[in-house]
**Q** 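So that we are looking at the same thing, I have put the structure below in structure tokens.
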Amino acid sequence: MNGRERLGRRLATAVLTSGLIAGASIAGTAVAVADEGNPQHQGGASATLNGLTIHDRAVLHAGGKDKELPAGLFEMAVDGGGTLKTYCIDIHNPTQQKAKYLETSWDQTSLGHNEEAGKILWILKNSYPQVDDLAGLAQKAGAGTLTKETAAAGTQVAIWRYSDGVDVEALDPAAEKLADWLQSKAEKLQEPKASLSLEPNAVSGKAGSKLGPLTVRTNAERASVAAPDAPGVKVTDKDGKPVTEVTDGTELYVDVPAGTADGTASFGLQAGTSVSVGRAFASLSKSQTQILAGSSESTVAASATATWAKKGAIPALTAEKNCAKGGVDVTAKNEGDEPFTFELLKTTHTVGAGESKTVTVPVTEDQAYDFTIELPGGEKKTFKGVLDCKTTSDTEPPATGGDEPGSQPSPQSGGTSAGTTGGGDTAGTTGGGDTTGDLAETGASNATPMIAGIAAAFLLVGGGAVFFLRKKKGAAAGH
């Protein structure tokens, strides 16, 4: 599809919203930034954006105008140790300085409804930095001579043509030949496996039983299991044997001894692995979605909760973005012997004993959400995030525009160079010079320099949509 026909530009917005929270407090202004203290995450790597590190220039043709922009590789520092290299798959949305990112499945990003997503993965696997023989890559593409910078630019341009459907060219002739070759050769590949997750990530049941199963999904050889944060409660296999280490496909149970007081416990998994090329990374703020091009050995994690009681409603709550429906699916599975009732958007929902129900909460594109459900006994479960399911080409173009495409970080306040901000060095991501996994093939430095003097990009923020889900009194009566 012609990029000129599909191109639109996001408008910067700031919507003041409020939500009634337990205790009659009022939520303040939200700007499409999820509370990082409790983000919704199915598991995997979490990282902080360090910036655009290896790049050249490209030109975007849109609306009868040409706009130059940088095109190339970004770098992220993984929480707990590790480094990621990524490309942008959201050309019109700028990055935010030091934005937090979470590993995400394709169906919770714009890739989920993009029929060409598999071709983007082919490009990643067959170009820089996965292919660091630049002479050989140039020969295949008939591109003359490629540098790291022009190879990164050509790769990014080819990706944009499939991720955003735009009319974009690399300025360097060799980079443009590489982009054309990658685009012409790309084949559809299947989405890569998550680095680490638990399915589901919440279970419930009666004390005196094993709650589960929870299935481990990972590309790591093994992951360690941390003990639950409740005395006497253990993570076991189906036979009740305690488990401290797991592999892909392992089924886990939470063993709650009989007589244990009603409550909730959480436990976690952690592993060291190279995150699979092609995994998507979505921001907790409104910062452009990224796709993984290379990974060092990195720390990845997943967590789950277990809720138990002697009697009554015993719900297990999970939530995930539903890009197809434009919202967030909140699922309540009730393993108790009484109904569980909650109110959502002025509608009462009841989940019978032994039943499950999913409610899709509508959320506007680019907006933050904050769902809190009160559980029996007064505890609460909260899900937070930002719905970012579309690229600009998926939406109607606004009547006015002219914004610079956002393939670069938003500027620092006070004119500070991006490379001088605090927190640039993360334990395990710099020093030593040795890396393993995909990133080792890039030949790139393991340091995390930012490109000083990057042109200013417009900061886009979406209004926060705040919802409160409250357990309705009189649940047993089904009111």
**Q** Go through the steps to decide whether L52 and L73 satisfy the test side chain to side chain contact (heavy atoms under 4.5 Å, CB included), and finish with yes or no.
**A** CA-CA 6 Å; L52 190 65; L73 274 171; 5.8 Å; no

**Q** Measure the shortest side-chain to side-chain distance between L124 and Q130 over non-hydrogen atoms and say whether it is less than 4.5 angstrom.
**A** no

**Q** Under a 3.5 Å cutoff, is there a donor and acceptor pairing between the side chains of T372 and T382?
**A** yes

**Q** Would K100 and D79 pass as an ion pair if we require N to O under 4.0 Å?
**A** yes

**Q** Take N114 and S163, measure what side-chain hydrogen bond (donor to acceptor under 3.5 Å, both in side chains) needs, and give me the verdict at the end.
**A** CA-CA 7 Å; N114 184 343; S163 66; over 6 Å; no

**Q** With the side chain counted from C-beta on, respond yes when E365 and C389 share a heavy-atom pair under 4.5 Å apart, and no when they do not.
**A** yes

**Q** Between T83 and V78, is the side chain to side chain contact (heavy atoms under 4.5 Å, CB included) condition met? List the steps.
**A** CA-CA 6 Å; T83 303; V78 179; 5.9 Å; no

**Q** Does the side chain of N126 come within less than 4.5 Å of K185's, by heavy atoms?
**A** no

**Q** Answer yes or no: is there a side-chain heavy-atom contact under 4.5 Å between S195 and R279?
**A** no

**Q** Do I54 and F74 have side chains that get closer than 4.5 Å, going by heavy atoms?
**A** no

**Q** I'd like to know if D180 and R161 make a salt bridge, using a cut-off of under 4.0 Å between side-chain N and carboxylate O.
**A** yes

**Q** Could I get the full list of salt bridge (Lys or Arg N to Asp or Glu O under 4.0 Å) partners for K119, not counting sequence neighbours?
**A** E116

**Q** Does a side-chain heavy-atom distance below 4.5 Å link I159 with I89?
**A** yes

**Q** Considering only heavy atoms from C-beta outward, does the side chain of L137 approach that of Q139 to under 4.5 Å?
**A** no

**Q** What do the steps show when you test S274 against S295 for side-chain hydrogen bond (donor to acceptor under 3.5 Å, both in side chains), and what is the final call?
**A** CA-CA 5 Å; S274 294; S295 169; 4.6 Å; no

**Q** Going by an N to O cut-off under 4.0 Å, is there a salt bridge joining E115 and K188?
**A** no

